[in-house]
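Have a look at the structure below, then the notes.
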Amino acid sequence: MTSGLPSEAMPPLTDWRDAMPSTRHRYSYAFLDEGAKREIRRKMLKAVAIPGCQVDFGSREMPIARGWGTGGLQLTLALIGPDDVLKVIDQGADDSVNAVNIKKFVQRVTDVPLTTDTAAATLIQTRHRIPESPLGPHQLLVFQVPIPEPLRLVEPSERRTRRMHAEADYSRMWLYLYEDIVKFKEITVGARYPVIVNRRYLMDPSPIPRWDVPKLNRGEALFLFCAGREKRIYAIPPHTEVTPLSFEDFAFRVEDFHGRRCERCGARHSFLDEVVDDESGRRTYTCSDTAFCDQRRRENRHGSR
Amino acid sequence: MGYVAVKGGAAAIENAEQFSMIRRAGGASELLKPDQIREQLHFAVDRVMSEGSLYAPELAALAFKQAAGDSLEAAFILRSYRTTLPRLGYGAPMNTDGMRPIRRISAAFKDIPGGQLLGPTPDYTLRLLDFDLKDESPDHTRRMMARLFKDTELVDPLPERFPKVVDMLRREGLLVPRPSAGGKDDRLVDITRQALTFPAPRSAQLQTLARGETGGMLALAYSNMRGYGSVHPVIGELRVGYLPLRYCNHVTGEVETIGDMLVTEAEVISRIGETDGPARFSLGYGLCFGHNETKAIAMAVLDRAVATGEPATPSEDQEFVLTHVDGIESMGFCNHYKLPHYVTFQSELDRLRNIQAGQAKGEEIRS
């Protein structure tokens, strides 16, 4: 399923019927009107100023469905300029349908160059992964967020979760984790592991695997999160302390891939996808970050051999 | 003569019906043919069949035309037609791995045995108005399609059977077993002939959900997914395809395939749950007529939600869900409030006036 896409700039994506020849003329640069972009940028600044705090914004209707990345898309469109180089990943892959679809749209309304190369991108929109290669200070990572409220797990009412955040009352979340340990001798939270940002706000890091959570701590890049359906923006500025909820005698742990390696590039220290073989039913693993994997394969080819 | 109370219904009804007909067919445009609806508005047709619980594309298209696009009304028309048909028996149980799929995806695994088939889906189509459709020329469309088929390379024929994704998990012992055929819950209930009793057997639950109204089920399932519940679904597998319909011939006693039908099936994996045994994932199941993915997923979420031991939210309460998802029942009841309630209201009015008068008297005495 994973094709070895070159990491250099990709050719423009074409539509099979060139369905919207008039899109560029009918819509303004980057789709959103300037007023909307200004509002979203202001809310982003507020979010950066209060790390981890969810800021409301006037989420617009987008041409993709709610829950499919409309939040991330709105940030991307509000931020993007002609000098940007865009990368979009979904579950680590540059070529999965949702990522391709979002890229196609952004390119259609901006004409910015696309890349799969993590280092070459200035703006990366992501669904559920942080790239394996470290990000730099010139980079923005935009997360698509399905459920921005970390307390939703323990409290369905928005009115009550707001109050809990205001009072920094996170006792029920702690209790939830504690009860999990009592019941299962394990914390059952897989992805979207709750974190405390800047020692103040409990934050949902979007459903990234636990593997990626440590990358949020004191990072170089600016992390921006947006949930379109729930109309929230939040952020982690560079060099901010981010700590997963953890007990002294029950430490936070990432996924265990011990003894496994990527079938394609041989990586032993990357987040792996499980692949079941058609005939034999044998289980193999490949890197979830396809650009990282391709990069390593190229290096393997040119390097030792 | 002053105001006359509403009466003499016959003529009024006649006129109202004619007005409806004029609204539907009185415009300047060409009249719709049911064939056009069946082919070009196939999602509407599928929805009507599913909620009307009768697999009949031509009749569903006709009902949709008659109802001028009101899908609840169309399902209603189809359902009341269904009731006039003789019940000849029940189809034989089917394994859906033999489905001829037009679409098959898994959100749980990247690569699944048999492969993912994206099929026809508007999921990745940008929701931008396609102004070219305003004057879609048959010639142009035909040419476009001819070109498309010319460029399409022939691929290997699809395999006979696609293994079920959740079976892989089941084999590993990662799924909570559901009471299977032969278990206590094996009573096959026909909800069109028997009233629901609670707790309802699984067959009654699934039948009720399968003919439920898409929007209503979506609202309940969404409440569960968003926070008022704890299903947290992952789509193990979603299939859309043709399923053979097998039926036991009363004369020969043999099971024969008498046709096939387009269905949507969803299997959702729910987060780790507490059971008596080891911690495992649990499963929700949805299957409905036609191509209606939203409904099948909502059904699977609700199927899983109502299996929760102690309901804490409406969507987890079996009785709450099963008594409220039928669109035709709820629509009928909602609209019955348009019928005269002069008598009951007069009665309440009398009570209210009496109470107010009593209160006023009480105040006088006190002051």
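Lettering of chains follows the sequences in order, A, B, ..., and the numbering in each one begins at 1. All values derive from a computational prediction rather than experimental measurement.
- Within 6.0 Å of CZ on Arg163(A) lie no more than 12 heavy atoms contributed by other residues, nucleotides or ligands.
- Between atom CG of residue Asn101(A) and atom CG of residue Leu126(B) there is a gap of 5.5 Å, rounded to the nearest 0.5 Å.
- Between the CG atom in Leu128(B) and the CZ atom in Phe105(A) there is a gap of 6.0 Å [rounded to 0.5 Å].
- Contact of the Tyr124(B) side chain with the Val100(A) side chain is not registered, since no non-hydrogen atoms from C-beta on lie closer than 4.5 Å.
- Atom CZ of Arg127(B) is surrounded by more than 12 heavy atoms from other residues, nucleotides or ligands within 6.0 Å.
- Surrounding OH of Tyr178(A) are at most 12 heavy atoms belonging to other residues, nucleotides or ligands under 6.0 Å away.
- Taking both residues in full, the closest heavy atoms of Arg229(A) and Tyr222(B) are given as NH1-OH, 2.8 Å, listed atom of the first, atom of the second, then distance.
- Nearest approach of Gly227(B) to Pro156(A), heavy atoms of both residues: O-CB, 3.4 Å.
- Residues Glu230(A) and Arg226(B) are paired through a salt bridge, judged by an N-O separation under 4.0 Å between the basic side chain and the carboxylate.
- Heavy-atom neighbours of Arg160(A) CZ from other residues, nucleotides or ligands within 6.0 Å: at or below the threshold of 12.
- By number of non-hydrogen pairs under 4.5 angstrom with chain B, the leading residue of Glu158(A), Glu186(A), Arg152(A) is Arg152(A).
- Only the side chain of Leu153(A) comes within contact range of chain B, with at least one heavy atom under 4.5 Å from a heavy atom of that chain.
- In this structure, chain B has a heavy atom under 4.5 Å from the backbone of Ser288(A), while its side chain stays farther away.
- Counted within 6.0 Å of CD on Glu172(B), heavy atoms from surrounding residues, nucleotides or ligands total more than 12; the atom is thus considered enclosed.
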